[in-house]
Amino acid sequence: MPKCPQCDNEMTKVDVVSMDNAYSTFVCGVCTPDIIETYKKRSEQAMTRRLSNMGIPRKYHNATATLGQYDEDCRNYKKGIIWFGESGSGKTWQMVGMIRKAITDNKKVAYADWTSMLCELKCTPNEYPNILAIPTADIIAIDDFEVDNGFTFNYVYDFIKKLYCADKIVYMTCSVLPAQDKIAMRLGEMTKQYEVKFYDGSN
Amino acid sequence: MSIPRGKKHAELQTYLEQFTTEELDMFFKKLATSKWVNNDYFSFDRLVRENLVASIMAGGKQELKALHKYYNPKTITIVRYVHAEMPSM
């Protein structure tokens with residue numbers, strides 16, 4: 001750690017998040033005792049606003065991911081992640097925890113609630129290019145993904161194919177891993193898959 | 001439970017074609033011992049609509065891996081003390 005040029009004490013590393021950026025800086029907690037708390041408070045406010053702007057529900061804004069359980073490729077944004085498992089097991093919590101980490105590491109993230117997108121698609125399929133447009137973000141996070149075998153299948157497959165060809169990092173939650181061959185092949189290559197189970201002391 | 005006809009029959013056929021014979025054999029074995037066999041809401045329509053082959057097969061990691069050669073899932077456990085007290089160290 002670098003030393004403060006004024007008091008020669010070791011400085012503290014602080015992660016700073018703003019509305020369009022994120023970076024690390026070193027501050028002296030001795031010369032400016034309140035500065036670390038100020039940075040943390042402002043960063044948390046910016047993080048909350050960014051998560052809100054993305055459409056992530058407020059109940060997940062304090063989410064944390066258990067980073068030690070993920071492969072290095074996932075922690076280093078080389079591979080996407082699929083979380084699957086029962087309702088209430090903690091999939092979205094883990095995903096938003098990873099989104100928070102990605103924002104802190106200055107990654108651009110786009111979030112979508114798949115159920116809402118699919119409803120929109122079923123109501124106005126001719127709006128498909130807008131509804132399923134690929135965002136320019138580094139990471140695309142899709143909550144509650146599912147593939148039905150109805151008329152939307154081809155749209156969904158086309159969307160996944162575009163994500164695959166664009167080499168996007170994809171975060172996804174779903175109750176079961178998609179079984180359709182063409183989609184499974186691409187998601188299997190793009191992501192590491194984690195079945196989420198929770199332990200509450202009684203199970 | 002009756003076999004669907006017409007368009008629903010075609011949808012069921014298309015859906016089942018994506019699985020190999022071995023996978024379907026494993027699925028029917030698992031179905032026979034699963035909660036679905038006594039569930040009034042189980043139907044072929046629901047089988048297709050909710051991709052129940054994958055759900056029922058996903059009972060264990062071995063079966064899940066057998067279902068799809070493209071996935072290599074791991075399990076992560078989240079500790080959540082909601083009702084029980086935190087254990088003492």
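Residue numbers start from 1 in every chain, and the chains themselves are labelled A, B, ... in the order their sequence lines are given, proteins ahead of strands.
With a 4.5 angstrom heavy-atom cutoff, A:W93 does not touch chain B via any of its atoms. The part of A:Q94 that comes within reach of chain B is its side chain, from C-beta onward, which places non-hydrogen atoms under 4.5 angstrom from that chain.
Scanning residues 66-74 of chain A against chain B with a 4.5 Å non-hydrogen threshold yields A:T66, A:Q69, A:Y70, A:D71, sorted by number. Within residues 39-65 of chain A, no residue has any heavy atom closer than 4.5 Å to a heavy atom of chain B.
Residue pairs meeting the side chain to side chain donor-acceptor pair (under 3.5 Å) criterion with at least one member in residues 129-140 of chain A, sequence neighbours excluded, are A:E127-A:N130.
Contacts of A:E189 classified as side-chain contact (heavy atoms from CB on, under 4.5 Å), with partners at least two apart in sequence or in another chain: A:Y164, A:M185.
Taking all atoms of both residues into account, the shortest heavy-atom contact from B:N72 to A:Q193 is N-OE1, 2.8 Å.
For the pair B:Y70/A:L177, no side-chain contact is recorded, criterion being any heavy-atom separation below 4.5 Å from C-beta on.
For A:K13, the NZ atom counts as loosely surrounded, since its 6.0 Å shell holds 12 or fewer non-hydrogen atoms of other residues, nucleotides or ligands.
Here the straight-line distance linking atom OG1 of B:T77 with atom CD of A:E195 works out to 9.5 Å at 0.5 Å rounding.
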